[in-house]
Protein chains: 2
Amino acid sequence: MYSTTEENYLKTIYKLQIQLGTFINTNAIADGVNTKAASVTDMMKKLSEKKLLSYEKYKGVQLTEKGKKVAIETLRKHRLWETFLHNQLGFTWDAVHDIAEQLEHIQSNELVEKLDAFLGFPTHDPHGDPIPGRNGVIKESNFILLSVLQKGEKGIISGVVNHSSLFLQHLEKNKLTLGKTIAINEVSSFDLSVKAILDGKEKIQLSNEVVKNILIKKLI
Amino acid sequence: MYSTTEENYLKTIYKLQIQLGTFINTNAIADGVNTKAASVTDMMKKLSEKKLLSYEKYKGVQLTEKGKKVAIETLRKHRLWETFLHNQLGFTWDAVHDIAEQLEHIQSNELVEKLDAFLGFPTHDPHGDPIPGRNGVIKESNFILLSVLQKGEKGIISGVVNHSSLFLQHLEKNKLTLGKTIAINEVSSFDLSVKAILDGKEKIQLSNEVVKNILIKKLI
DNA sequence: CTAAATTTTTAGACTAGCCTAAAAATATTT
DNA sequence: AAATATTTTTAGGCTAGTCTAAAAATTTAG
Ligand SMILES: [Mn+2]
Ligand SMILES: [Mn+2]
Ligand SMILES: [Mn+2]
Ligand SMILES: [Mn+2]
C-alpha cells in the first residue's frame with residue numbers, strides 16, 4: 001500500500017508529534033529520516049496529496065487520522081518484531097532495532113496478527129515501549145524517570161529514554177535490564193550521581209547521565 | 001549489500017540455470033522477474049559490471065561463483081522464512097511464498113543464523129524443497145514423481161513440482177500433505193488417473209494432472 | 001524596526017529501475 | 001539462400017527518491 005520510505009516518514013512525524021506537539025518542522029523530519037530538508041519538502045507535498053498529512057508552506061506539518069493510522073501500524077509492527085527478535089531469537093536489546101527497522105515494512109496483515117498471537121499478545125517491546133493494539137490504541141505507560149526518585153525510594157526498571165546501542169549496551173553490561181529493582185541509597189548533591197541497591201543485593205553507583213535515561217515503575 | 005531487485009534477478013537466474021542448463025536467455029529472465037526484456041538487458045549490464053554474472057550480447061547469461069553465492073543465500077533465507085511461517089505461525093503452505101518473497105531480502109546474517117537455529121536447522125521447506133546450508137551446499141533430494149509409481153507400489157509425499165496456490169490449496173483440501181503415504185491400487189490406461197490408498201486408510205482417486213505434480217520418496 | 005541569521009522552498013540534476021517503440025541480430029522457414 | 005519470424009538490444013522517456021546551490025520566507029537580534 002505505502003512504500004518503505006513513506007512509512008518511515010509517517011512514523012518519524014508521528015513520534016515527533018508525540019514529543020513536540022502538533023506542528024512539525026521540516027528540519028526535525030529531515031533529521032529523523034536521515035535526509036535533507038529539500039527532500040522532506042518534496043515528500044511533504046506527496047504525502048499531503050495523498051491526504052496522509054496536512055501541509056502548509058513554511059507552517060509545518062500535521063498527520064491526518066489516515067496518516068496517524070499508518071504510522072501507528074508501522075510502529076506496532078516494529079515493536080512486535082523487536083519483541084520476536086529479543087524473546088524468541090535471543091537478540092540483545094541493543095541489536096533488535098536495526099533489524100526491526102527493515103521488518104516493519106513487510107506487508108501482510110495476517111502476518112502481523114499471527115506474530116502478535118505467537119508472541120502471546122505482548123504489551124511492551126524489549127525497551128519498555130508500549131506496543132499499539134490491533135485497533136491502533138496505545139496504552140501509554142506512566143513510568144517515571146529514575147532521576148526523580150529520592151533517597152529511600154525504589155522502583156522497577158521498565159524502560160529507557162535513550163535508545164542508542166551505546167547506552168543499551170552500557171546498561172546490559174551493568175545488569176541494568178528491564179524488571180530489575182533499584183532502591184536509592186543516596187543522591188550526590190555534587191554531581192547528582194546515585195548510590196543504589198540492585199535487586200536487593202548488589203551495591204551500585206550510577207551517573208546522572210544514566211539515571212535520567214532510565215524509566216521506572218515506582219514501588220509503593 | 002545488494003538490492004531487493006538484484007537479489008530477485010540472481011535468484012531467478014539461479015533457478016533457471018538448475019532446470020535449463022547454463023546459458024539463460026533474456027526472455028526467460030524477464031518472465032521470471034516479471035518485467036520486460038529491455039529492462040533485463042539493462043540489469044544484465046549492471047550485474048555483469050559487478051561480476052555477479054557473465055554476459056555477452058545475444059549469447060545469454062551465466063552466474064559467476066559470486067553471483068551463485070548471493071542467489072543461494074537468498075534462496076536459503078526464502079525457505080527458512082517459509083518454514084518459520086508454516087511451522088511456527090501456522091500459515092498454510094499456499095500462503096507462505098508471497099510473504100517469504102519479502103522476508104528473504106531482510107539483511108542480517110545474524111538473523112538468518114538465529115532463525116535457522118530457532119527452527120531446529122530444518123532441511124526442507126513446507127513444499128519439500130531443500131534448504132541450503134550456511135555453507136551454501138544444497139542436498140538435492142532424490143524424490144521421484146508420483147506418476148512413475150506402478151500398481152502395488154507406495155511412497156511418502158515429499159514435495160511438489162507445481163508451486164501455485166491453486167494446486168497447493170487443492171492438495172490441502174484433499175489431505176495430500178507432506179508426510180502422507182500413498183499406495184497405488186490402479187492406474188487407468190484411459191486417462192492415467194490413479195486409484196490409491198491414503199495413509200493405509202482412505203480410498204482416493206487422483207487425476208494425472210495431480211500425480212505428475214507430486215514428488216514422493218518411494219517405500220521399499 | 002531594520003539587519004542578520006536561520007529555516008524552508010525552489011530549481012535543476014542525479015541514480016535505480018522500469019517502460020515503449022524502433023533497430024539490430026539471430027533463428028527458422030520456405 | 002532468401003525471406004520471415006523471433007529475440008535481443010538500443011534509444012529515449014518516466015517515476016520515486018535523493019542531492020546541492022540558490023532564492024524566498026521567517027525568526028531573532030541589535
Ligand atoms: Mn526500535
Ligand atoms: Mn523499541
Ligand atoms: Mn516459495
Ligand atoms: Mn518453498
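The chains referred to below are lettered A, B, ... by the order of the sequence lines, with proteins before strands, and numbering in each begins at 1.
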Whole Å only: how far is the [atom1] atom of [X] from the [atom2] atom of [N]?
X       : N      : atom1 : atom2 : answer
A/Asp31 : C/dT8  : CG    : P     : 12 Å
A/Ile29 : C/dT7  : CD1   : C1'   : 13 Å
A/Tyr58 : C/dT10 : OH    : P     : 6 Å
B/Lys57 : C/dA25 : NZ    : C1'   : 10 Å
B/Asn8  : C/dC18 : CG    : P     : 9 Å
A/Glu6  : D/dA16 : CD    : P     : 9 Å
A/Glu56 : D/dT26 : CD    : P     : 10 Å
B/Glu49 : C/dA16 : CD    : P     : 11 Å

ask   = So, for A/Phe23 and A/Gly60, which heavy atoms are closest and what is the spacing to 0.1 Å?
value =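 Of all heavy-atom pairs spanning A/Phe23 and A/Gly60, the closest is CD2-C, 4.1 Å.
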inquiry  = Quick check: closest heavy atoms across A/Leu53 and A/Val61, and the distance to 0.1 Å?
reply    =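 Minimum heavy-atom contact is CD1-CG2, 3.6 Å.
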When we call it a touch if two heavy atoms are under 4.0 Å apart, what does [X] touch: a base, just sugar-phosphate, or nothing?
X       : value
B/Thr26 : sugar-phosphate
B/Thr41 : base
B/Asp42 : base

Can you check whether [X] has a side-chain N or O nearer than 4.0 Å to OP1 or OP2 of [N]?
X       : N      : result
A/Tyr55 : C/dT9  : yes
B/Thr5  : C/dA16 : no
A/Asn25 : C/dT8  : yes
B/Ser3  : C/dA16 : no
B/Lys36 : C/dT20 : yes
A/Lys46 : D/dA16 : no
A/Tyr2  : D/dA16 : no

query = Between C/dT10, D/dT7, C/dT9, which one does the side chain of A/Lys45 approach most closely?
reply =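 So the nucleotide nearest the side chain must be C/dT10.
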Cationic N near anionic O, under 4.0 Å, [X] to [Y]:
X        : Y       : value
A/Glu113 : A/Arg76 : yes
B/Lys11  : B/Glu73 : no
A/Glu82  : A/Lys77 : no
B/Glu6   : B/Lys50 : yes

query = Between A/Lys59 and A/Ser39, which is nearer to the 5' end of DNA chain D once each is assigned its nearest nucleotide?
reply =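 Of the two residues, A/Ser39 wins.
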inquiry  = Which is more 5' along DNA chain D, the nucleotide nearest B/Val40 or the one nearest A/Met43? Just name the residue.
reply    =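 Counting from the 5' end, the first nearest nucleotide belongs to B/Val40.
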